[in-house]
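Here's the structure, in structure tokens; my notes come after.
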Amino acid sequence: MTTTRVEGSCLPSYRTLSTLALSEPEEHVRELTDWVEHASAVTGVPGAQSGWDTAYKWLRIAQGLRTVTFDMSYDDGGMCSAGLDFDAVWTEMMEEWQQHLVRLGYLRAALEGFVRLLYPDTAEPGLAVDAAEQQLQHHVDVWLVHAQAVADHLRTHVSDGVRGAGTSVAAAVAQAIVLHERAVRGRAAIPEPGSDEDGRVFPTGHAEVCAAREASTVLLLGIQLLMAAAVKEDRVAVFDDKYLLDGMWIPDSAGGSRWVDEEMPYGEYLAVLHLQPGEPPEL
């Protein structure tokens, strides 16, 4: 029989805060896609608009991903109930893990597309994000809350195969790409369900799911940093205002948070679009 055992689950604290919590990748990519839709590259390079549109469409595909369906059952002609339980749990595990990995691939395509457009002389996405980080390090108004914590956490999952050290977003971007490469080249270990002494089957692979989820978030944060640096240099123009009809908590200058339920320029919204709105304050 199956059990709901959840030992070993991985949920970083920055996703469970009452205010200013980090959004899940599916919400994060929806807001970033909306932002990119209200922006455009400012350049006279031939084909620039086409490159922007292609990268944007990869974001749209990532935003459109809802489920990945698996059926890990195997008909051996007389499978016992324990085998059926194993297959059912494995199916659920693969659907969750692979959904994050598929989204990660789409986000990598989007990131690399924006890098080719905005940093044409830079061969690697990590180097482009590093340049953006260096440019923005003294601009606290555009720095992304939790970006450092996400980079730190991803390094606990992907700690080898990347040149250099440190837990900058740029280093984490390189680690996320390594994680994706391992999967697409068949080098990633595939988790299977576990069982206890009573034969009850339970899901495993929590670290693999967490790594793929946080890697997706890292690439999204990397795109945000690229855009923030490009806006500062007038290489990307932003149009219109974001209508925060339901309101959201955003960081304030004192290190706390404040509730906003009005229009916000998209240029400013870029620094907070990765945060969960949170519950409105009590009146």
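Values below: every heavy atom of this structure, side chains too, minus hydrogens, waters and symmetry copies. These figures come from a predicted structure and were not determined experimentally.
Here CG of Leu220 is found 11.0 Å from CG of Leu225. Values are rounded to the nearest 0.5 Å. From His153, atom NE2 reaches atom CG of Leu11 across 8.5 Å, with rounding to the nearest 0.5 Å. Considering CD of Gln98 and CE of Met93, their distance stands at 11.0 Å, rounded to 0.5 Å. Remark: Leu154 CG to Thr217 OG1 distance equals 9.5 Å, nearest 0.5 Å. Considering CZ of Arg182 and CG of Leu101, their distance stands at 12.5 Å, rounded to 0.5 Å. Taken from CG in Leu20 to CH2 in Trp249, the straight-line distance is 8.5 Å, to the nearest 0.5 Å.
A pairwise comparison of heavy atoms in Leu221 and Ala147 identifies CD1-CA, 3.9 Å as the closest pair. The shortest non-hydrogen separation linking Pro191 to Trp97 is CD-CZ3, 3.7 Å. Heavy-atom minimum distance, Glu112 versus Pro125: CG-CG, 3.7 Å. The two residues Thr122 and Glu124 come nearest to each other via the heavy atoms CG2-O, 3.3 Å. Shortest non-hydrogen contact noted between Ala229 and Ala132 is CB-CB, 3.8 Å. The minimum heavy-atom distance between Val236 and Ala39, with the atom names listed, is CG1-CB, 4.0 Å.
Open room surrounds CG on Asp246; 12 or fewer heavy atoms of other groups in view lie less than 6.0 Å from it. Heavy-atom neighbours of Trp52 CH2 from other residues, nucleotides or ligands within 6.0 Å: above the threshold of 12. Within 6.0 Å of CD in Glu279 there are 12 or fewer heavy atoms belonging to other residues, nucleotides or ligands.
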Query raised in the report: Step by step, would you call Tyr266 with Asp34 a side chain to side chain contact (heavy atoms under 4.5 Å, CB included)?
Result: CA-CA 10 Å; Tyr266 267 98; Asp34 173 69; 2.7 Å; yes
Requested in this report: Please lay out, stage by stage, how Phe202 and Thr204 fare under the test side chain to side chain contact (heavy atoms under 4.5 Å, CB included).
Outcome: CA-CA 7 Å; Phe202 57 85; Thr204 64; 3.8 Å; yes
Query - Evaluation steps, side chain to side chain contact (heavy atoms under 4.5 Å, CB included), between Val129 and Val173 - result: CA-CA 8 Å; Val129 175; Val173 164; 4.1 Å; yes
Report task. Go through Trp35 and Val238 one step at a time and tell me if the side chain to side chain contact (heavy atoms under 4.5 Å, CB included) criterion holds. Result -> CA-CA 8 Å; Trp35 189 93; Val238 191; 3.4 Å; yes
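A distance-only check finds no donor-acceptor pair linking the side chain of Trp143 to the backbone of Leu136 [under 3.5 Å]. Remark: the backbone N or O of Val145 is paired with a side-chain donor or acceptor of His274 at under 3.5 angstrom. In this structure, Asp252 contributes its side chain and Gly255 its backbone to a donor-acceptor pair below 3.5 Å. Of the possible polar contacts, one joining the Gln99 side chain to the Arg66 backbone as a donor-acceptor pair under 3.5 Å is found. Between the side chain of Arg15 and the backbone N or O of Ser23 there is at least one donor-acceptor pair closer than 3.5 Å. A side-chain donor-acceptor contact under 3.5 Å links Ser216 to the backbone of Ala212. Checked by atom type and distance alone, the side chain of Ser257 never pairs as donor or acceptor with a backbone atom of Pro251 at under 3.5 Å. The backbone N or O of Asp198 lies less than 3.5 Å from a partner atom in the side chain of Asp196, making a donor-acceptor pair.
In the hydrophobic clustering of ILVMFWY residues, with side-chain heavy atoms under 4.5 Å counting as a link, Leu127 and Phe114 come out apart. Under a hydrophobic-cluster definition in which Ile, Leu, Val, Met, Phe, Trp and Tyr are linked whenever side-chain heavy atoms come within less than 4.5 Å, directly or via other members, Ile250 and Leu17 are assigned to different clusters.
Side-chain contact check for Val68 versus Glu96: every heavy-atom pair is 4.5 Å or farther apart. In this structure, the side chains of Val142 and Leu270 stay at 4.5 Å or more apart for every pair of heavy atoms. Side-chain contact between Asp141 and Glu268: absent, with no pair of heavy atoms (C-beta onward) separated by less than 4.5 Å. When side chains are defined from C-beta on, Cys210 counts as touching His157, because their heavy atoms get closer than 4.5 Å. At least one side-chain heavy atom of Leu273 sits less than 4.5 Å from a side-chain heavy atom of Leu32. Contact of the Gln224 side chain with the His28 side chain is registered, since non-hydrogen atoms from C-beta on lie closer than 4.5 Å. With a 4.5 Å cut-off on side-chain heavy atoms, Leu22 and Gln276 do not count as touching. Using a 4.5 Å heavy-atom cutoff, the side chains of Met94 and Ile190 are in contact.
Here the two rings, on Phe239 and His38, have centers that are 6.0 Å apart or farther.
The cationic group of Arg235 lies under 6.0 Å from the six-membered ring centre of Tyr119 and within 45° of the ring axis, placing it in a cation-pi geometry.
Arg108 and His180 share a side-chain donor-acceptor pair at under 3.5 Å. Residues Tyr14 and Glu214 bring a donor and an acceptor atom of their side chains to less than 3.5 Å of each other. Side-chain N/O atoms of Asp241 and Tyr269 include no donor and acceptor closer than 3.5 Å. Neither side chain, Tyr243 nor Glu262, offers a donor N or O lying under 3.5 Å from an acceptor on the other.
Ion pairing between a basic and an acidic side chain is recognised when a charged N comes within 4.0 Å of a carboxylate O; Glu31 and Lys242 show such pairing.
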